[in-house]
Undergrad: 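Sharing a structure here in structure tokens format.
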Amino acid sequence: MAGTEEFVEADNAEAIITRIEQKSRKIESLLKQYKPVEALKTALEGSPPNTRDERCKSANWIMVHRAIMAIKDVDGMFSSLDPEYYDILMKYLYRGLSTGDRPTCDQCLRIHEKLTERAGLGCILRSLADTVNTV
């Protein structure tokens with residue numbers, strides 16, 4: 001039966017990747033319309049994908065990364081971003097910092113500073129303590 005469970009997970013992963021691809025097209029459209037905050041909200045909705053499949057997590061990260069890198073006005077972003085997105089955004093910021101890519105790290109640190117000011121240290125603790133919903 002172990003093989004059956006893996007097969008179900010693989011099917012589930014394909015369905016998740018299909019949803020991520022659809023969401024990615026919507027995000028690209030929003031970015032072309034110069035709506036980076038809306039793109040970020042769209043990227044964060046339903047994240048992280050409910051799977052352990054690394055392909056899904058990587059595909060979702062690419063989409064979130066694209067939206068994060070498009071943000072120019074960090075203060076303005078927080079005036080439009082609902083607090084419900086803060087914890088998941090913090091998780092993605094740490095994923096971005098783990099890449100070691102200089103532009104990504106710089107952007108993640110800028111957002112991290114403002115997010116911590118706005119959401120407090122609890123946001124950091126919740127994102128680090130949640131080992132179930134990894135990004």
Side-chain angles (χ1 to χ4, degrees):
M1 285 307 237
T4 305
E5 290 172 10
E6 290 173 21
F7 182 72
V8 170
E9 177 65 24
D11 283 350
N12 186 34
E14 293 304 321
I16 291 170
I17 286 179
T18 299
R19 284 195 304 268
I20 290 169
E21 288 170 350
Q22 292 168 349
K23 200 189 305 189
S24 183
R25 285 190 289 276
K26 183 176 181 184
I27 289 166
E28 287 301 322
S29 173
L30 289 167
L31 292 174
K32 287 177 184 173
Q33 297 171 38
Y34 301 102
K35 296 180 180 179
V37 177
E38 290 301 317
L40 182 60
K41 285 181 187 179
T42 302
L44 294 175
E45 287 172 2
S47 290
N50 193 15
T51 182
R52 295 188 194 281
D53 190 301
E54 284 304 316
R55 296 174 306 150
C56 295
K57 292 182 183 293
S58 293
N60 207 62
W61 159 245
I62 290 167
M63 182 179 57
V64 172
H65 176 260
R66 179 87 173 91
I68 286 173
M69 295 306 287
I71 300 290
K72 301 297 180 221
D73 179 14
V74 176
D75 290 320
M77 175 189 77
F78 283 111
S79 66
S80 302
L81 192 65
D82 298 326
E84 69 186 79
Y85 295 111
Y86 290 176
D87 288 359
I88 191 64
L89 176 58
M90 186 66 79
K91 284 178 174 255
Y92 280 108
L93 294 177
Y94 286 124
R95 175 145 186 184
L97 290 169
S98 74
T99 65
D101 176 60
R102 182 67 184 251
T104 300
C105 290
D106 289 348
Q107 179 73 341
C108 287
L109 285 172
R110 276 192 292 278
I111 296 172
H112 185 278
E113 177 185 15
K114 299 296 182 181
L115 179 56
T116 304
E117 286 173 12
R118 188 157 286 244
L121 297 175
C123 185
I124 295 172
L125 294 173
R126 286 186 298 275
S127 69
L128 294 176
D130 183 3
T131 58
V132 175
N133 301 308
T134 59
V135 298

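Being a predicted model, the structure only gives us computed values, none of them experimental.
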Undergrad: May I ask you to test the Met90-Arg126 pair for a side-chain heavy-atom distance under 4.5 Å?
TA: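 A side-chain contact is absent here, since even the closest heavy-atom pair is not under 4.5 Å.
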Undergrad: Taking all non-hydrogen atoms of both residues into account, name the closest pair between Leu31 and Ala70 and its distance.
TA: CD2-CB, 3.4 Å
Undergrad: So, the side chain of Ser24 versus the backbone of Glu21: is there a donor-acceptor pair under 3.5 Å, distance only?
TA: no
Undergrad: Is there a path of hydrophobic side-chain contacts, each under 4.5 Å between heavy atoms, that joins Tyr34 and Val74?
TA: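 No, no single cluster joins them.
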Undergrad: Any side-chain heavy-atom pair from Ile71 and Arg110 closer than 4.5 angstrom?
TA: no
Undergrad: So how far is it from Arg95 CZ to Asn60 CG, rounded to the nearest 0.5 Å?
TA: 9.0 Å
Undergrad: Look up atom CE in Met63 and atom NZ in Lys26, then write down how far apart they are to the nearest 0.5 Å.
TA: 11.0 Å
Undergrad: Which heavy-atom pair separates Gly96 from Cys108 by the least distance, and what is that distance?
TA: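 Answer, listing the atom of Gly96 first, then Cys108: CA-SG, 3.8 Å.
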Undergrad: If you apply the rule side chain to side chain contact (heavy atoms under 4.5 Å, CB included), what do you find for Ile68 with Leu93, and how did you get there?
TA: CA-CA 9 Å; Ile68 286 173; Leu93 294 177; 4.2 Å; yes
Undergrad: Report the C-alpha separation of Arg25 and Glu28 in whole Å, then their side-chain angles, then the decisive distance to 0.1 Å, and conclude whether the salt bridge (Lys or Arg N to Asp or Glu O under 4.0 Å) test is met.
TA: CA-CA 5 Å; Arg25 285 190 289 276; Glu28 287 301 322; over 6 Å; no
Undergrad: Considering only heavy atoms from C-beta outward, does the side chain of Ile111 approach that of Tyr92 to under 4.5 Å?
TA: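 The answer is no, as the side chains (C-beta and beyond) never meet within the 4.5 Å cut-off.
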Undergrad: Quick one: side chains of residues 127-135, donor-acceptor pairs under 3.5 Å with protein atoms, not counting sequence neighbours, listed by atom name and distance.
TA:
residue: Ser127; atom: OG; partner: Cys123; partner atom: O; Å: 3.4
residue: Ser127; atom: OG; partner: Ile124; partner atom: O; Å: 2.9
residue: Asp130; atom: OD1; partner: Val132; partner atom: N; Å: 3.1
residue: Asp130; atom: OD1; partner: Asn133; partner atom: N; Å: 3.1
residue: Asp130; atom: OD2; partner: Lys91; partner atom: NZ; Å: 3.4
residue: Asp130; atom: OD2; partner: Asn133; partner atom: ND2; Å: 3.1
residue: Thr134; atom: OG1; partner: Lys57; partner atom: NZ; Å: 3.3

Undergrad: Report yes or no: do Tyr94 and Leu44 belong to one cluster of Ile/Leu/Val/Met/Phe/Trp/Tyr joined by side chain heavy-atom distances under 4.5 Å?
TA: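 Result: yes, single cluster for both.
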Undergrad: Working to the nearest 0.5 angstrom, can you tell me the gap between Phe78 CZ and Arg118 CZ?
TA: 7.0 Å
Undergrad: Do the side chains of Val64 and Ile27 join up, straight or via other hydrophobic residues, at under 4.5 Å, putting them in one cluster?
TA: no
Undergrad: Once side-chain hydrogen bond (donor to acceptor under 3.5 Å, both in side chains) is applied, what residue pairs with a partner in residues 72-83 remain, sequence neighbours excluded?
TA: none
Undergrad: If we ignore angles and hydrogens, is there a donor and acceptor under 3.5 Å between the side chains of Gln33 and Ser29?
TA: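 A donor-acceptor contact under 3.5 Å links the two side chains.
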Undergrad: Taking only residues two or more places apart in sequence, or in another chain, which ones meet Ala59 in a side chain to side chain contact (heavy atoms under 4.5 Å, CB included)?
TA: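 Result, side chain to side chain contact (heavy atoms under 4.5 Å, CB included) vs Ala59: Ile20.
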Undergrad: Looking at CD1 of Ile88 and OH of Tyr85, how far apart are the two atoms once the value is rounded to the nearest 0.5 Å?
TA: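 Answer for the CD1-OH pair, Ile88 versus Tyr85, is 11.5 Å.
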Undergrad: Could you tell me the separation between the OH atom of Tyr86 and the CG atom of Leu115, rounded to the nearest 0.5 Å?
TA: 7.0 Å
Undergrad: Please indicate whether Lys23 has more than 12 foreign heavy atoms, meaning atoms of other residues, nucleotides or ligands, lying under 6.0 Å from its NZ.
TA: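 Counting other residues, nucleotides and ligands, NZ of Lys23 exceeds 12 neighbours.
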Undergrad: Is it true that Glu14 and Arg55 have a side-chain N and a carboxylate O under 4.0 angstrom from each other?
TA: yes
Undergrad: Show the nearest heavy-atom pair for residues Ala13 and Cys56, with the distance to one decimal.
TA: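 In this case the closest contact between Ala13 and Cys56 is O-SG, 3.5 Å.
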Undergrad: State the CZ-OG1 distance between Arg102 and Thr99, to the nearest 0.5 angstrom.
TA: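 It is 12.0 Å, given to the nearest 0.5 Å.
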